[in-house]
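Everything below concerns the one structure shown next.
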Amino acid sequence: MSRTSDDVSTVSDVLVIGGGIIGLVTAWRAAQHGLATAVVDPEPGGGAARVAAGMLAAVTELHYGEQTLLGLNLESARRYPDFAAELTEAAGLDLGYRRCGTLAVALDADDRAQLRELHALQQQSGLESEWLSGRECRRLEPMLAPGVRGGLRVDGDHQIDPRRLAAALVTACERAGVVFHRAWAERLSVARERARGVRTADGTDLAAGQVVLAAGSLSGRLAGVPDEVVPPVRPVKGQVVRLTVPKRYAPFLSRTVRAVVRGGPLYLVPRENGELVIGATSEELGWDTTVTAGGVYELLRDAHELMPGITELPLAETRAGLRPASPDNAPLLGPSALDGLLLATGHHRNGVLLTPVTGDVMAHVLTTGDLPAAARPFTPGRFAATLTEQPA
Ligand code: GLY
């Protein structure tokens, strides 16, 4: 389908619903492949990336039972250096991409046992990580509490600033000719058993040859999507605190530090610009994005236990966002059961990490109709049985 001068703003080859980092990277890559591409979102560059810490933590966020997801995470991590260089060039913006590595530490004997298990799993999976004593951890990061009992050094887990990433993707999309419709997508238009576009909240009909649903945690809420196609994505709330490291304290931390404190994962991500991101809670509370005293208290209490010096730092921001979680914690990528409708959603804890591979996979399937091998375990069809079992 090609655009004419009359319909340039409402007809496209590809219409992406959702202007978060996943929708934006899909649109950017599609446009680079010569497809006339549009994005519908009231606030492109918003979404979960406004809150995310931006850890590229394929190795330190490894969990039992998620080895298939690990393959995709590693594939995306491998693509990050080239992706970041290309996007920086395309947008003329710095992404805050930092190959600083990660240190995962244990505060007590239970944490240490858990970290030893993670180390064993990493080794079984052929991943690079090095066990360090508490003293070695503190030599690397002197601000750590004296009680740290040991840790894992993972130099391959890096970070990026998700807000800069989102802003750069908006600019790169604009420069590649992507059209932005700054409106809410209200209803999917379906005719003759095929997705044809969307109707926006202001009553505009946007038509497209292919529609990509990339609306993060909202992906299951678009009206007009047939029941058997609705992606099983739910919101998982994360609260995050941002501190500032004044120049006189720098470098407060030279790499990302992670820990499990009282059973909950905690991370401190130091940016080159002095921001220190502390996250995150994990709460199943529906659409609630309230920042609570309890959430902030727990983050600061646990971070203080890990690194007592944080109490000296100015508090810059508190915020909550919603991770788009799927039943197996892995994304849904590629064609849905409805012709013309593709999904790029459900990235849960790994949206920032999976941005490069998602863009490539989606561009490939949009241009060829085929899902690349790396993405085949993540087809939306894997949940088909679950969906048909759900009560009407
Ligand atoms: N990937 C970090 C988080 O979801 O909190």
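In this chain, numbering begins with 1 at the start of the sequence shown. Small disclaimer: the values here were computed from a predicted structure and weren't measured. Just so you know, ligand 1 is whichever comes first in the structure, and atom 1 is the first atom listed for that ligand.
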request  = Just jot down the ligand 1 atoms closer than 4.0 angstrom to any heavy atom of Ala280, in number order.
outcome  = 5 (O)
task = Would you mind listing which atoms of ligand 1 come within a distance below 4.0 Å of any non-hydrogen atom of Met55?
result = 2 (C)
message = Between ligand 1 and Glu61, can you find any atom pair, the residue atom being a heavy atom, that is separated by under 4.0 Å?
response = yes
Nearest protein heavy atom to [atom], by residue and atom, and its distance?
{"atom": "atom 5 (O) of ligand 1", "value": "Tyr267 OH, 2.6 Å"}
{"atom": "atom 3 (C) of ligand 1", "value": "Arg349 NH1, 3.1 Å"}
{"atom": "atom 4 (O) of ligand 1", "value": "Arg323 NE, 2.7 Å"}

task = Please name the pair of heavy atoms, one in Leu144 and one in Cys137, separated by the smallest distance, quoted to 0.1 Å.
result = CD1-O, 3.7 Å
key: Aromatic Phe180 / basic Arg182 pairing, under 6.0 angstrom, 45° off normal   = yes
ask   = Is it the case that Arg234 places NZ or CZ above or below the six-membered ring of Trp287, under 6.0 angstrom from the centre and within 45 degrees of the axis?
value = no
query = Has Glu89 got more than 12 heavy atoms of other residues, nucleotides or ligands less than 6.0 Å from its CD?
reply = no
inquiry  = Is the shortest side-chain heavy-atom distance between Asp161 and Asp94 below 4.5 Å?
reply    = no
